[in-house]
Amino acid sequence: MSYPIEDILSILVDNIVKYGSPFRIDHRRLNRWAYENNLKTGGDTVLYTGLLYQLTPYIEASTRYLAKMGRKMGTIARLASKLIDLTKLLRVDEKTVNYVNQVLDNIAKMVKNTYQDIGYLYDKEPYSGVLLYDLGMIRLFENHANRVMDIFRENGVKKVVTIDPHTTHIIRDIYPKYVDGYDLEVINYLNLINLDDLEPGLESGEEYVIHDPCIYARIVGIIDKPRELLEKGGAKILEPEYSRQMTYCCGGPIESIYPELSSEIAKKRLRQLASKSSKIVTLCPICYINLSRAALDEGMGEVEIRDLASILR
Amino acid sequence: MYPLEMEDIYRVLEETIRDTGVRRALEVSSERIEKNPMKVLSRYPYLESFREEVRKAKEEVLRNIDYYIDMTMKSVEEIMGTAHLAKSRDEVFKLVDQYVGEPPKLVIKSKSMVTEEIKLREYLERKGHRVVETDLGELLIQIAGEKPMHTIAPAVHMTKERAVKLLRSVGVKVSESSTLEEIVAQVRHYLRNIFIEADVGISGGNTIAADTGAIFLISNEGNIRNTTNLPPIHIAIISIEKIMPNMELAYKQALLQAANAGLYPPTYLSIIAGPSSTADIEQKRIYGVHGPGKVIVILYDGGRSKYLDDPVIWEQLLCIKCGRCQGVCPVWSITGNYWGGPVYGGPMGMGWTAITEDERLASRLSLFCLLCARCTEVCPMDIQLHKIIHELKARLMGRWG
């Protein structure tokens, strides 16, 4: 087989260099939640999404596209990256767009309980560059990280509230090694939410199996808080076979390197989770995409995967 | 020639993903490799306290490697063994030739990753010797002409049907209807005379104590005891990073390795300090009684000292090769060591492939890592395996753009 790895990576990387993120985000549609919550523009403390949730519909659509085009992708990708913006070839699913807006809307509301005048950068919101770092593209990552920090500085940002594991880790633990005079304060939204602010939003005793994201559980150190939040929300939490520090990867990180292997890992994790409950709760958009696709591939229509933030009120 | 290009790596991985037999076997074994150590460690909690002690001792040895190599060699000579330091595989071959002598000889081997690295079995066979692997898994690998799938369990990917086919091809009397018990009994029968008649036994070493020159060897099948005890000559080839400062720490390292491989207590832990001897008649010491009269220790560098000063990859040299990182790795549980270089695979295999084979190959393989850090989470030496792998990615992709 010849998997067109260089072409695939070229597109993603070219987009990050040209547009700041792996796919060109339609900010109007994917920042609806921020307008609706009247978040102010910029400011001392901002909600920093790193665009990872907003990328969900594009990643989903591009994977469908790749699967359809198969091995021909190499040539198409090369042409596409030269001539047109690949994002335009993708048919983004409106349902996913709505889902992302709902998750982000809930997060914004919960964060506002603590920081009433939290800001957001809207169409200036930068991608964190996590893909560049994970692929080992250090030179590009360093440039990108410094660009992101410039955007923060230009907008007077001193503190960011992050909402996913990858962005939290990269901007909190990795940026300091590559950005001179790094002085950003980073706090994850899960650590911010006060249990007393939550309303039980679930039917009492509803059972959910929890999927810890690798980066939260093993690197960032967020394990108990999501459980406390879920319980406060009224859920009964089921632990899968591999959970907490030994949680199992959803396969997502090698999606661009080898989709087939990535999908085998996703299916394996899905089976572990689904053997406990058909209701699965995740805390990371990458896990959400991968497990959802695995459910589709396996014909497991009964499985319902939701982000923690879509459950809490 | 082992595949070095991305295209070859994809081809090997794709074949593995589609091979349902291999997939099934790896599924079962990775679960076992994940769960068994947890059971052992919770039942014998004192093992936990060995970890820091052993890591510190290994760091001390790596920082002063020349001093400890020297001490080890002197200690081996003091107990009437013979010690050598070999920088390269050719130097090992020369030394082994010297002790094995003119072909054809019957050479038996216990499983050893270092001899896999240098392809010693193949070398001796080319010279006209008959070489027999005595670990059952490794014997299967030898017959199949493959590479070991796991450091401790080399044939984890093989089904019973395949094992029967392979064993039959060398004359072991087994059939498709044989039970596992019958297969093992026939292998015992097949190897019995080979053990007795062998001219030389070659082993690796789980560790060696610098203060005494004693070699530590763990086994469950009992083959290592036969291999190192029955032939008149025993050659142990041990890589330099396996040196421990003293007997106590060597013992702790050996136990820690066994426990993290999920095999605890190890059925056999041999401590071999020089040739066998007796002074029962007239108090005059005679060497070579029931065990070997000659014990030769070859300390092997094989690229390791080059990485002592590497700011990231040096940590791989702390590895005690328990293979626990492999069983817990989501990629390895699907690919086994097919995700790896010619000898080492899985998480620990990325660093080891860089050190002992080729850094560029290791870097290409590293691209398939999820960076999920399950490996780092379980490593008894607290090696930041995912950071080593990320560094390898960066050495290949760092200048992209």
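Within every chain, numbering begins at 1; the chains are lettered A, B, ... in the order of the sequence lines, protein sequences first and strands thereafter. All values derive from a computational prediction rather than experimental measurement.
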- Task: Could you tell me the separation between the CD atom of A/Glu142 and the CG atom of A/Asp180, rounded to the nearest 0.5 Å?
- Result: 8.0 Å
- Message: Any salt bridge linking B/Lys252 with B/Glu53? Criterion: basic side-chain nitrogen under 4.0 Å from a carboxylate oxygen.
- Response: yes
- Message: Do the side chains of B/Glu241 and B/Lys58 get close enough for a salt bridge, i.e. N-O under 4.0 angstrom?
- Response: no
- Item | Under-4.0 Å salt bridge between A/Arg293 and A/Glu298 | no
- Using non-hydrogen atoms and a 4.5 Å limit, figure out which bit of B/Val378 sits close to chain A: side chain, backbone, both or neither. side chain
- Could you grab the distance from atom OH of A/Tyr175 to atom NE2 of A/His169, nearest 0.5 Å is fine? 12.0 Å
- Item | Sidechain N-carboxylate O distance under 4.0 Å for B/Glu34, B/Arg324 | no
- Item | chain B interface, residue from A/Gln245, A/Met137, A/Arg269, A/Glu241 that has the most non-hydrogen pairs under 4.5 Å | A/Met137
- Is any NZ, NE, NH1 or NH2 atom of the basic residue among B/Glu7 and B/Arg11 found under 4.0 Å from an Asp or Glu carboxylate oxygen of the other? no
- Query: Which bit of B/Arg23 comes within less than 4.5 Å of chain A, counting heavy atoms only: side chain, backbone, both or neither?
  - Reply: side chain
- Ion pair check, A/Glu264 and A/Lys268, cut-off under 4.0 Å: no
- Message: For the interface with chain A, which of B/Met397, B/Lys393, B/His390 has the highest count of heavy-atom pairs at distances below 4.5 Å?
- Response: B/His390
- Item | Contacting moiety of A/Thr247, where chain B heavy atoms sit under 4.5 Å | backbone
- Side chain, backbone, both or neither of B/Leu392 within contact of chain A (heavy atoms, under 4.5 Å): neither
- Measure distances from A/Leu9 to the heavy atoms of chain B and classify the residue's part below 4.5 Å as side chain, backbone, both or neither. both
- chain B heavy atoms under 4.5 Å from A/Tyr133: which part of the residue, side chain, backbone, both or neither? both
- Non-hydrogen atoms of chain A under 4.5 Å away: do they reach the side chain of B/Ile334, the backbone, both or neither? side chain
- Query: How would you list, in number order, the residues of residues 209-216 of chain A that have a heavy atom less than 4.5 Å from chain B?
  - Reply: A/Cys214, A/Ile215
- Message: Can you tell whether the side chains of B/Glu27 and A/Lys267 come within less than 4.0 Å, N to carboxylate O?
- Response: no
- Message: With a 4.5 angstrom heavy-atom cut-off, is it the side chain or the backbone of B/Leu367 that approaches chain A, or both, or neither?
- Response: both
- At what distance, to the nearest 0.5 angstrom, does NZ of B/Lys387 lie from OG1 of B/Thr376? 8.0 Å
- Query: Below 6.0 angstrom between ring centroids: does that apply to A/Tyr127 and A/Phe23?
  - Reply: no
